[in-house]
Amino acid sequence: MFTQTNKKSRQNIAQGTSIALDNGYPTRLNFYKDPPLLEISIEEFEQYALDRMQVLTTLLTAQMRNLTPEQLDRTMNEAIKKYMPMSSNRAQEATQDHQYERRKDHISHFILRLAYSRSQELRSWFLRAECALFRYRFDREVSSEQIRFIVSQNLSWKKVSDDDKRRLASELSASSFKTTQKVQEETYFEVDFEKVTGLVGRRQVYLKGGKAYVPMADQVDLVLDEFKGRLANALEVTGRALPRMDEDDRLMPVLNNINKQYLGREFTTSAIAGEIQAQDVDSLKVHMPPCMEHLHNEMRREKHLKHWGRMQYGLFLKGIGLSLEQALIFWQMAFEKLTPDQFNKQYAYNVRHSYGMEGKRTDYTPYSCRYIIQNNAPGPGDRHGCPFRHFSAPNQRAILAAHDVDDFDTEDIMSLAQGKHYQIACTRYYEVTRARMLGITDNLKGGSIHDGEGNVGMVASQESIEHPNQFFEQSFLLMKSRQSQGESVGPTDGQNGPSETPQPTIKGQYVYKKAGAGAQFSSNSNHDMEM
RNA sequence: GGCGGC
DNA sequence: GCCGCCAACATA
Ligand code: SF4
């Protein structure tokens with residue numbers, strides 16, 4: 001395809017069947033539809049591929065480390081500058097470089113496509129990597145360029161009419177945390193929901209009858225889906241054609257060497273927030289469900305937690321990415337009344353055991369909502385359990401009040417809890433409080449989320465909170481994605497969003513404020529077990 | 001917290 | 001009083 005002096009490619013170029021080189025790259029974005037047909041030396045061939053690999057791997061690992069948008073940009077800019085500079089159309093002096101840079105981008109993509117088409121595993125890695133890169137570039141392109149690209153590719157989706165928009169206004173506003181007002185101004189596309197699984201997964205899109213309603217702001221996802229689809233197909237095709245290419249003994253060794261690069265690969269650190277440090281836990285409190293936040297607050301207040309509290313909270317923390325090492329530090333510091341060796345004697349073993357480092361070595365999963373609600377009802381002095389299930393009504397109200405839940409929502413949640421729909425109450429709590437964190441203060445009421453049956457939709461899905469860690473992850477990712485979209489984070493700000501090294505929360509911010517409330521929590525009356 | 005060992 | 005060992009299970 002693109003070896004050196006190859007009669008065929010010369011011919012093609014001559015015939016003009018390939019893309020014209022001079023103005024072949026109007027934008028930095030590229031769907032890589034046609035392979036480049038040109039001459040290139042083996043050395044260049046390999047160098048191009050390796051350079052692109054650098055960019056792809058930096059991006060993927062940077063993403064996995066959950067850096068702040070700023071940190072991510074910084075590391076990416078470094079890598080891009082070094083390995084694959086791509087100047088924009090605005091830098092007019094360098095119009096010559098445009099074509100060179102974009103050509104390199106084009107070629108290197110195709111080399112890797114070849115190198116990574118051999119096995120399913122390689123293909124899916126490459127697909128992920130390229131999608132990430134495409135998205136990264138697209139997001140950072142000015143909108144005029146984005147549009148130019150979309151138009152040039154003849155991409156278009158069905159727009160939602162104003163009438164339909166009015167009809168769906170409340171659903172749309174609920175799913176996107178936007179006011180109905182904003183919904184009217186926004187352009188929406190109606191597409192098959194398979195096309196935007198990303199958005200669906202993040203629950204940021206309204207679904208109905210197999211269709212997803214995607215706001216203009218999330219158009220990237222549509223473009224990306226197109227990109228992904230095409231590339232996936234292309235990879236399959238190349239993969240099938242590859243065996244017949246073995247004759248080209250010049251290339252195969254090089255290609256195989258290239259995809260070896262990827263061996264520094266997949267490590268399954270499932271932790272959403274990355275490696276969390278003991279001192280970072282406080283700043284992550286904003287993403288925790290009420291049960292865990294309560295445990296945390298009480299632990300800070302009493303410098304202690306009883307057995308089931310440690311169990312419930314400790315496993316939860318492990319689930320959000322606190323390593324064993326950090327956990328030991330965390331608990332040691334939390335129980336500040338104890339000397340280090342008192343601590344080691346009484347608690348260290350159990351911490352290690354929970355992390356699968358003692359005895360049978362089981363790496364225990366954090367407790368699910370069902371487990372917390374059904375087992376180990378808290379007794380006097382206990383701080384664990386599910387607030388919606390185990391706390392007295394006044395204490396429940398205090399929690400809601402401490403989070404600025406308004407009267408309407410408070411009553412709603414209270415009645416759900418009293419109706420024994422604990423997880424639904426929690427889901428509603430999630431929605432209301434997250435909306436507030438995003439700065440949405442109105443219009444998430446009545447019909448929008450709360451339908452007639454007393455059933456609650458979890459932002460565009462009909463699911464509910466099933467697991468404390470799900471609550472956390474969902475909230476964490478939601479804030480992360482909103483933040484990187486450059487949207488302002490609302491009034492309850494002051495917590496710095498997810499970052500590699502979160503700063504401690506401003507002291508007192510979320511401790512139960514308004515004198516009197518505190519007393520309620522430290523009292524031992526917060527367990528009215530209903531059978 | 002439970003079980004178990006000295 | 002000293003110590004070991006156990007439990008859990010969402011999810012895309
Ligand atoms: S429903 Fe689950 S997550 Fe929410 S408070 Fe109860 S236990 Fe915690």
Side-chain angles (χ1 to χ4, degrees), chain A residues 63-64 124 127-128 131 193-205 207 212 221 225 228 266 268-273 287-289 291-292 295 299 304-322 324 327 331 335 339 341-386 390 422-424 426-427 430 458-478 480-481 527 529:
Chain A
Q63 287 190 162
M64 263 192 291
S124 66
L127 187 62
R128 252 200 325 139
C131 285
F193 91 103
E194 295 87 21
K195 289 205 165 299
V196 287
T197 47
L199 288 175
V200 175
R202 273 172 278 143
R203 297 175 170 71
Q204 286 174 19
V205 69
L207 295 181
D221 290 74
D225 173 75
K228 188 175 182 181
E266 315 298 333
T268 40
T269 309
S270 54
I272 296 283
H287 297 298
M288 294 183 190
C291 52
M292 299 303 171
L295 278 163
M299 180 193 77
H304 184 67
L305 278 184
K306 302 190 64 174
H307 180 262
W308 287 109
R310 297 191 310 264
M311 227 50 207
Q312 183 177 316
Y313 192 44
L315 288 172
F316 168 79
L317 290 177
K318 181 177 69 170
I320 71 173
L322 193 73
L324 168 58
W331 291 110
F335 295 178
T339 70
D341 50 61
Q342 264 178 137
F343 174 82
N344 289 333
K345 210 166 282 183
Q346 303 179 55
Y347 303 106
Y349 179 91
N350 290 295
V351 176
R352 290 195 300 271
H353 189 269
S354 292
Y355 275 78
M357 292 279 91
E358 293 290 2
K360 196 176 42 156
R361 310 192 105 243
T362 309
D363 191 357
Y364 293 96
T365 314
Y367 297 155
S368 65
C369 292
R370 192 176 57 85
Y371 182 92
I372 293 172
I373 288 168
Q374 286 177 348
N375 308 358
N376 313 319
D382 279 330
R383 301 294 176 248
H384 67 271
C386 170
H390 301 292
Y422 313 114
Q423 285 159 260
I424 313 228
C426 190
T427 307
Y430 174 94
M458 172 76 162
V459 188
S461 87
Q462 45 291 319
E463 293 164 24
S464 76
I465 297 292
E466 298 287 323
H467 197 290
N469 289 82
Q470 173 205 352
F471 185 113
F472 176 90
E473 282 164 29
Q474 213 142 293
S475 173
F476 187 89
L477 291 179
L478 175 66
K480 187 187 154 82
S481 69
H527 51 87
M529 311 152 201

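Just so you know, these numbers come straight off a predicted model, no measurement behind them. So you know, we letter chains A, B, ... as the sequences are listed, proteins then strands, and number each from 1. Both backbone and side-chain heavy atoms feed into the values below; hydrogens, waters and symmetry mates do not.
Atoms CD (A:Q346) and C1' (B:G1) sit 14 Å apart, rounded to a whole Å. Spacing between atom CD of A:Q374 and atom P of C:dA10 amounts to 12 Å, rounded to whole angstrom units. Nucleotide C:dA10 holds its C1' atom 14 Å from the OH atom of A:Y430, rounded to whole Å. Remark: P of C:dT11 and CZ of A:F471 are 16 Å apart, rounded to the nearest angstrom. Atom C1' of nucleotide C:dA10 and atom CZ of A:F316 are separated by 13 Å, given to the nearest angstrom.
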Return the polar atom pairs (N/O with N/O) between nucleotides 2-9 of chain C and the protein under 3.5 Å, or none.
residue	atom	partner	partner atom	Å
C:dC5	OP2	A:Y349	OH	2.7
C:dC5	O5'	A:Y349	OH	3.1
C:dC6	OP2	A:H353	NE2	3.1
C:dC6	OP2	A:K360	N	2.8
C:dC6	N4	A:N350	OD1	2.6
C:dA7	OP1	A:K360	NZ	3.3
C:dA7	OP2	A:K360	NZ	2.5
C:dA7	OP2	A:Y364	OH	2.3
C:dA7	N1	A:H307	NE2	3.4
C:dA8	OP1	A:Y371	OH	3.3
C:dA8	O4'	A:T365	O	3.4
C:dA8	N3	A:T365	N	3.0
C:dA8	N3	A:T365	OG1	2.8
C:dC9	OP1	A:S368	N	3.0
C:dC9	OP1	A:S368	OG	2.7
C:dC9	O4'	A:T365	OG1	3.3
C:dC9	O2	A:T365	OG1	3.4

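Every side chain to side chain donor-acceptor pair (under 3.5 Å) that A:D341 has, sequence neighbours left out, goes to A:T339. For the side chain to side chain donor-acceptor pair (under 3.5 Å) test, no residue two or more places apart in sequence or in another chain qualifies with A:Q346. By the side chain to side chain donor-acceptor pair (under 3.5 Å) test, A:S368 is found to be paired with no residue, residues two or more places apart in sequence or in another chain being considered.
Contacts classified as salt bridge (charged side-chain N to carboxylate O under 4.0 Å, His left out) and involving residues 370-381 of chain A (residues at least two apart or in different chains) are not found.
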Next on the checklist: A:M288 vs A:L317, test: side-chain contact (heavy atoms from CB on, under 4.5 Å). Steps then yes/no.
Outcome noted: CA-CA 10 Å; A:M288 294 183 190; A:L317 290 177; 4.2 Å; yes
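Going from the C1' atom of C:dA7 to that of B:G4 covers 15 Å, rounded to whole Å.
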Show me, pair by pair, the donor-acceptor contacts under 3.5 angstrom made by side chains of residues 349-358 of chain A, not counting sequence neighbours?
residue	atom	partner	partner atom	Å
A:R352	NE	A:E358	OE2	2.8
A:R352	NH2	A:E358	OE2	3.2
A:S354	OG	A:N350	O	3.2
A:Y355	OH	A:L322	O	2.6

